[in-house]
Amino acid sequence: MSVKGGYFRKRLHVNLSSGTTRVIELDEDFLERYIGGRGFGAKLVWENLKQHDFRIDPFGPENLLVVAPGPLTGAYLPSSGKNSFVSISPATGLYGDSSMGGGFAVELRQAGLDCLTIEGIAPELSLLFIDNGEARIIPMPQLRGKSCLETEGMVETRIGTHDIHVVTIGVAGENRVRFACANTDWSRNAGRTGIGAIMGSKNLKAIAVRGHKDLPVYDLDGLIAETNKAVQYMRGHKYFRFWQQQGLMNVIEYANDKGILPTWNFRDTVFPNHDKINGEVMLDRYKIGDSACFMCPMCCSNINLVKDGKYRGVVTEGPEYETCAMLGSNLGIDDFAAILAATQLCDELGVDTISTGNIVGAVIEGYERGIIGLEDLDGREIRWNDPDAVLELIGKIGRREGIGDILADGAKRIIQQWPEMDKVILHVKGLEQSAYDSRAGASMGLAYATCDIGAHHTRAWTIAREMEEGANWTNEDRVKIVVYHQTLRPLFDMLGVCRLPWIELGLNERHYAYFYTHITGKEATLEELLELSRRVYDMTRRMNVRLGATRKDDSLPYKVRECPVLSGPNAGKVLREDVFQDMLSAYYAKRGWNEDGVPPVELEATF
């Protein structure tokens, strides 16, 4: 059965160098095989790489940036506000993507587009404005040096309406900080893999979209009925209201209790002052409102205000768990107001909080161990629980001042500058690790090592399941759950929806096959959609192999292998290298790749 709804069948292609735009028709085969979002992005980046013989400078005009929602984005179903940014990452030199929530993706769909592709470099700092499918490149050099939020306001003034959605970059993106992010709706970020740096390299300060078109839905009545069932289930879940109150901030207590909370640059996994930075503290003293992405009943984002003290007046949407852990316990900071100040600064500069927290933590430990000297730090000491020094260093990173110029290039350059930092900083393939320690959860270590973009948790978040049920798991059990997560969770990115209803409230994943069928008119089982997602993972792996990745890049950080957890329920634990290598071989076999982690070359003919 062919696709009857769900798509406008249009890709807008923009060449910033020539200042030209054109609309490209998307054919049936492309829609059916790649679905949308990450799938569209991976395929288009693959084709662009082939055209350039797999030699691409991430900051060069030839690097293609794909912005793609999915066929479910903007539809009447839970949490349908997701969008994927896909390119070759300046952080890793490999395939990169990052997901963004909020309302931008919905506006792009309502502009009559399924996908946006951008190449080239604009002659001067510019705004790309898409108005119901028609595009203009508008020079706006006056945006240089402006924060993400300032830029959003100035763009709205330039267009003359608030009836738009805007993606912006801050100073960090302009300065090509390799973990700069793209920002929308105040603090919704495509945070990982350096998407903001790619925009900056293209002299693209912002993308604004206005759309008023109805979305094509094949079976609206069927979709409404299925969605009502899903929402009824979610609202009846025992943790539904709790999620609305705390959002992901509730994970601080969980991670500390389980001994997986990054503390003092992952030296430990429990934080003595965790109760000063948890969700209860946020609710009692700082939270002033809720916020949600499009069509999300979970409403998991928190608006926080510092009402007194030295950070009085700081207001931000967030933090969520990753940000609070990486800018809090990982740096030894036990002042929630200071964490809010750091969160606000990262949002203004446009830097990824996970990478920033990793790098700042590594600098503190590196200085403590004598690897980084006071002269390297521009004469400014930095210690654990030193918020003022942390804020100063974050600013230097975003502006590429002093030591910040080195740190802005991420883990790889830091290790080139100070080789001993390889034992201090946690990364895979050049992407700094997310905020879940894996020494007590081998499946999470495998997930980080085999993630196609680097050490990120959104491909496979298996740690909670292993903490609860995995005491007697075999390697086969761990491999099975990692591969399933790496297939289902990227499917959500292809469809253009958020994973939280499934992973946090247990919404059955089969709902999404029904949503897809009602929207597109093409009947598909969950298993058929998962198979399409699996093929995209094969594609991104072949891409990375072509770009030079090998088995040795699917590695664990030194600390995970060699430095035992200091205290708490997992004291003394490491993830031994021999155990990990056995798991990795089993993982490759499960995927049908060879011992070196290379998928069959014959697959390329099917991409």
Side-chain angles (χ1 to χ4, degrees), residues 14-19 21 57-61 63 65 67 85 87 90-91 98 100 104 116 118-130 135-162 164-191 194-209 344-353 355-356 391-410:
V14 177
N15 187 313
L16 293 170
S17 297
S18 64
T21 68
D57 175 0
F59 290 149
N63 192 19
L65 175 61
V67 186
F85 288 74
S87 195
S98 193
M100 173 187 280
F104 177 83
L116 167 66
I118 304 168
E119 66 175 337
I121 298 174
E124 57 184 320
L125 199 65
S126 297
L127 159 71
L128 173 62
F129 177 43
I130 302 167
R136 284 188 290 150
I137 302 167
I138 304 172
M140 289 193 71
Q142 65 269 35
L143 294 177
R144 187 166 302 281
K146 303 301 182 184
S147 72
C148 292
L149 189 57
E150 285 179 295
T151 299
E152 188 170 339
M154 291 174 70
V155 167
E156 290 176 347
T157 299
R158 173 63 178 80
I159 301 302
T161 181
H162 295 293
I164 56 175
H165 275 89
V166 188
V167 166
T168 68
I169 61 170
V171 174
E174 293 177 30
N175 291 332
R176 303 186 190 186
V177 174
R178 291 179 186 266
F179 46 94
C181 55
N183 178 286
T184 192
D185 294 353
W186 190 11
S187 64
R188 308 287 176 173
N189 294 289
I195 298 301
I198 295 168
M199 287 180 63
S201 74
K202 296 183 177 302
N203 260 339
L204 183 61
K205 181 69 172 180
I207 306 168
V209 180
Q344 183 186 61
L345 179 59
C346 287
D347 283 342
E348 289 175 347
L349 294 169
V351 289
D352 171 29
T353 55
S355 288
T356 299
L391 291 169
E392 186 176 323
L393 187 57
I394 292 171
K396 284 185 173 182
I397 291 170
R399 295 186 295 271
R400 280 191 177 269
E401 295 173 352
I403 190 176
D405 188 41
I406 298 170
L407 305 181
D409 281 330

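Throughout, residue positions are numbered sequentially from 1 according to the sequence presented.
Looking at heavy atoms from C-beta onward, Leu128 lies in side-chain contact with Leu116 at the 4.5 angstrom threshold. Between Ile118 and Leu16 the shortest side-chain heavy-atom distance falls below 4.5 Å. Side-chain contact check for Asn203 versus Arg144: some heavy-atom pair is nearer than 4.5 Å. Under the 4.5 Å side-chain criterion, counting only non-hydrogen atoms from C-beta, Glu348 is not in contact with Leu149.
Of all heavy-atom pairs spanning Leu143 and Leu125, the tightest one is C-CD2, 3.9 Å. Here the closest heavy-atom approach between residue Thr356 and residue Ile394 is recorded as CG2-CG1, 3.8 Å. In plain terms, the two heavy atoms of Gly19 and Ile137 that are nearest each other are CA-CD1, 3.7 Å. The two residues Gly191 and Asp352 have their closest heavy-atom pair at O-CB, 2.9 Å. Considering all non-hydrogen atoms of both residues, Cys181 and Asn189 come closest at SG-OD1, 3.6 Å.
No donor-acceptor pair under 3.5 Å is formed between the side chain of Asp347 and the backbone N or O of Gly350. At least one donor-acceptor pair closer than 3.5 Å links the side chain of Arg178 to the backbone N or O of Pro90. With hydrogens and angles ignored, the 3.5 Å screen pairs no side-chain donor or acceptor of Ser98 with any backbone N or O of Phe85. Here the side chain of Asn175 pairs a donor or acceptor atom with the backbone of Gly398 at under 3.5 angstrom. Side-chain atoms of Ser17 come within 3.5 Å of backbone N or O of Ile121 as a donor-acceptor pair. Checked by atom type and distance alone, the side chain of Glu174 pairs as donor or acceptor with a backbone atom of Gly145 at under 3.5 Å.
A cation-pi arrangement is absent between Arg188 and Phe104 under the rule of less than 6.0 angstrom and at most 45 degrees off the ring axis.
For the atom pair NZ of Lys205 and CD1 of Ile138, the computed distance is 15.5 Å after rounding to the nearest 0.5 Å. To the nearest 0.5 Å, the span separating CG on Leu349 from CZ on Arg399 amounts to 7.0 Å. In this structure, CZ in Arg158 is found 11.0 Å from CD1 in Ile164, a value given to the nearest 0.5 Å. Note that CD of Glu401 and CG of Leu393 are 11.0 Å apart. Values are rounded to the nearest 0.5 Å. Atom CG of residue Asn63 and atom OG of residue Ser201 lie 7.0 Å apart, to the nearest 0.5 angstrom. With values rounded to the nearest 0.5 angstrom, Lys146 atom NZ is found 15.5 Å from Glu152 atom CD.
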* To do: Determine, stepwise, if the pair Arg400 / Asp409 fulfils salt bridge (Lys or Arg N to Asp or Glu O under 4.0 Å).
  => CA-CA 9 Å; Arg400 280 191 177 269; Asp409 281 330; 2.7 Å; yes

* Would you sort out whether Phe129 and Val155 count as a side-chain contact (heavy atoms from CB on, under 4.5 Å), showing the intermediate values? => CA-CA 9 Å; Phe129 177 43; Val155 167; over 6 Å; no

* **side-chain contact (heavy atoms from CB on, under 4.5 Å) between Ile159 and Val166, intermediate numbers included** => CA-CA 11 Å; Ile159 301 302; Val166 188; over 6 Å; no

* Determine, step by step, whether Val167 and Met199 satisfy the side-chain contact (heavy atoms from CB on, under 4.5 Å) criterion, reporting the C-alpha distance in whole Å, the side-chain angles of both residues, the deciding distance to 0.1 Å, and the verdict. => CA-CA 10 Å; Val167 166; Met199 287 180 63; 4.2 Å; yes

